[in-house]
Amino acid sequence: VAAGLCIAALARPEARISVVRTGSADIVLLQDGSASMYATDVRPDRWRRSMQFVRTFADTLSWKGDRVALALFAHLASPQVSLTSDPNALFFFLDHLRDHSPFRLEEDTTWDTNIEEGLYWGLKLIEKDEEMFGRSKNPKAFVVISDGQAWSGNVATALRSARQRGIPVHVVGVGTPTGGLIPEPARPDGSG
């Protein structure tokens, strides 16, 4: 027996084991909620198509260590969900945002798209999370969902700020090359 074990030890047997590691991430979704997102060049309209994308994106996450935040922007930004590992918190907001942006067509600020403000709010969401819970080991990323019709702000400055923090910015475009008409808001008398 001893001689057999010595021969086995001299043969240096190896066992190959594959270890699958899944990485987690902190992802801040920055959703354009401006008036141009009501254009119907994609069906049913740009807003609802982008909400379908966000829902599919959230459904495909493993949520094992992943955290997601959501902020909307037009002229101003409006954070909806801070970084959370609870998918139900995000899905609650997505269900309530499914059909229309909270920025009303009747408000002048909805007719402006300030991507810079959205990116700054993304940075604020990460900074606030670090202030409250400490620095996360998860890599961070911004996902901007927009039709790209930016009217104000300086996007280059905001991108530089994100780059300095080591946060990549990914953009998902919604729309078509031919574009579409933005629906006019209803008049005070109810006619549109």
Side-chain angles (χ1 to χ4, degrees), residues 19-34 36-37 46-47 49-98 100-103 107 109-110 112-174:
V19 177
V20 177
R21 293 184 185 185
T22 57
S24 54
D26 291 346
I27 301 163
V28 178
L29 300 169
L30 301 168
Q31 172 67 50
D32 185 347
S34 64
S36 61
M37 293 297 286
R46 293 177 185 175
W47 174 262
R49 177 64 68 87
S50 66
M51 285 291 103
Q52 290 169 358
F53 167 79
V54 172
R55 182 66 187 222
T56 302
F57 178 83
D59 281 336
T60 60
L61 284 177
S62 71
W63 292 96
K64 294 178 182 167
D66 295 315
R67 299 187 312 158
V68 178
L70 174 66
L72 309 177
F73 64 91
H75 177 69
L76 302 171
S78 173
Q80 302 294 305
V81 181
S82 59
L83 279 168
T84 182
S85 58
D86 179 10
N88 292 323
L90 180 64
F91 292 143
F92 172 81
F93 280 89
L94 294 181
D95 288 344
H96 286 81
L97 294 170
R98 177 180 45 238
H100 57 84
S101 165
F103 302 118
E107 298 171 9
T109 55
T110 302
D112 181 23
T113 305
N114 189 341
I115 296 173
E116 177 186 23
E117 187 70 15
L119 289 169
Y120 279 137
W121 265 103
L123 288 169
K124 287 179 187 179
L125 284 167
I126 288 175
E127 289 167 3
K128 190 64 171 175
D129 183 75
E130 289 176 353
E131 180 183 309
M132 292 175 62
F133 304 110
R135 192 166 177 90
S136 167
K137 293 181 182 180
N138 287 352
K140 290 151 183 50
F142 291 158
V143 178
V144 178
I145 304 134
S146 177
D147 58 11
Q149 295 185 7
W151 301 109
S152 66
N154 186 347
V155 179
T157 303
L159 288 172
R160 197 173 312 113
S161 297
R163 195 173 301 121
Q164 288 171 346
R165 292 282 316 262
I167 302 172
V169 178
H170 305 278
V171 179
V172 177
V174 182

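Predicted model only: the values in this text are computed from it and were never measured.
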To the nearest 0.5 Å, what is the distance between [atom1] ([X]) and [atom2] ([Y])?
| X | Y | atom1 | atom2 | value |
| --- | --- | --- | --- | --- |
| Leu90 | Ser82 | CG | OG | 11.0 Å |
| Leu123 | Phe142 | CG | CZ | 4.0 Å |
| Leu72 | Phe93 | CG | CZ | 9.5 Å |
| Gln80 | His96 | CD | NE2 | 11.5 Å |
| Tyr120 | Glu116 | OH | CD | 4.5 Å |
| Arg46 | Ser101 | CZ | OG | 13.5 Å |

Min side-chain heavy-atom separation [X]-[Y] under 4.5 Å:
| X | Y | answer |
| --- | --- | --- |
| Ile27 | Phe57 | yes |
| Glu131 | Lys128 | yes |
| Leu29 | Val68 | yes |
| Leu70 | Leu94 | yes |
| Ser146 | Val171 | no |
| Leu83 | Leu125 | no |
| Thr113 | Ile115 | yes |
| Arg55 | Asp95 | yes |

Are any of the side-chain nitrogens in Arg67 or Asp129 under 4.0 Å away from the carboxylate oxygens of its partner?
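Looking at Arg67 and Asp129, the cut-off is met.
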With a 4.0 Å cut-off, would you call Lys124 and Glu127 a salt bridge?
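No, Lys124 and Glu127 are not salt-bridged.
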Quick one: closest heavy-atom pair of [X] and [Y], and the distance?
| X | Y | value |
| --- | --- | --- |
| Pro168 | Gly166 | CD-O, 3.5 Å |
| Gly122 | Val28 | CA-CG1, 3.9 Å |
| Pro139 | Ser24 | CD-O, 3.2 Å |
| Phe103 | Leu76 | CZ-O, 3.8 Å |

Just by modelled atom types, is the [Y] backbone N or O under 3.5 Å from a matching donor or acceptor in the [X] side chain?
| X | Y | value |
| --- | --- | --- |
| Trp63 | Ala58 | yes |
| Trp47 | Leu97 | yes |
| Asp66 | Ala25 | yes |

Does the side chain to side chain donor-acceptor pair (under 3.5 Å) test come out yes or no for Gln31 and Ser50, once each step is laid out?
CA-CA 8 Å; Gln31 172 67 50; Ser50 66; 2.9 Å; yes
Test side chain to side chain donor-acceptor pair (under 3.5 Å) applied to Ser34 and Asp32, step by step:
CA-CA 6 Å; Ser34 64; Asp32 185 347; 2.7 Å; yes
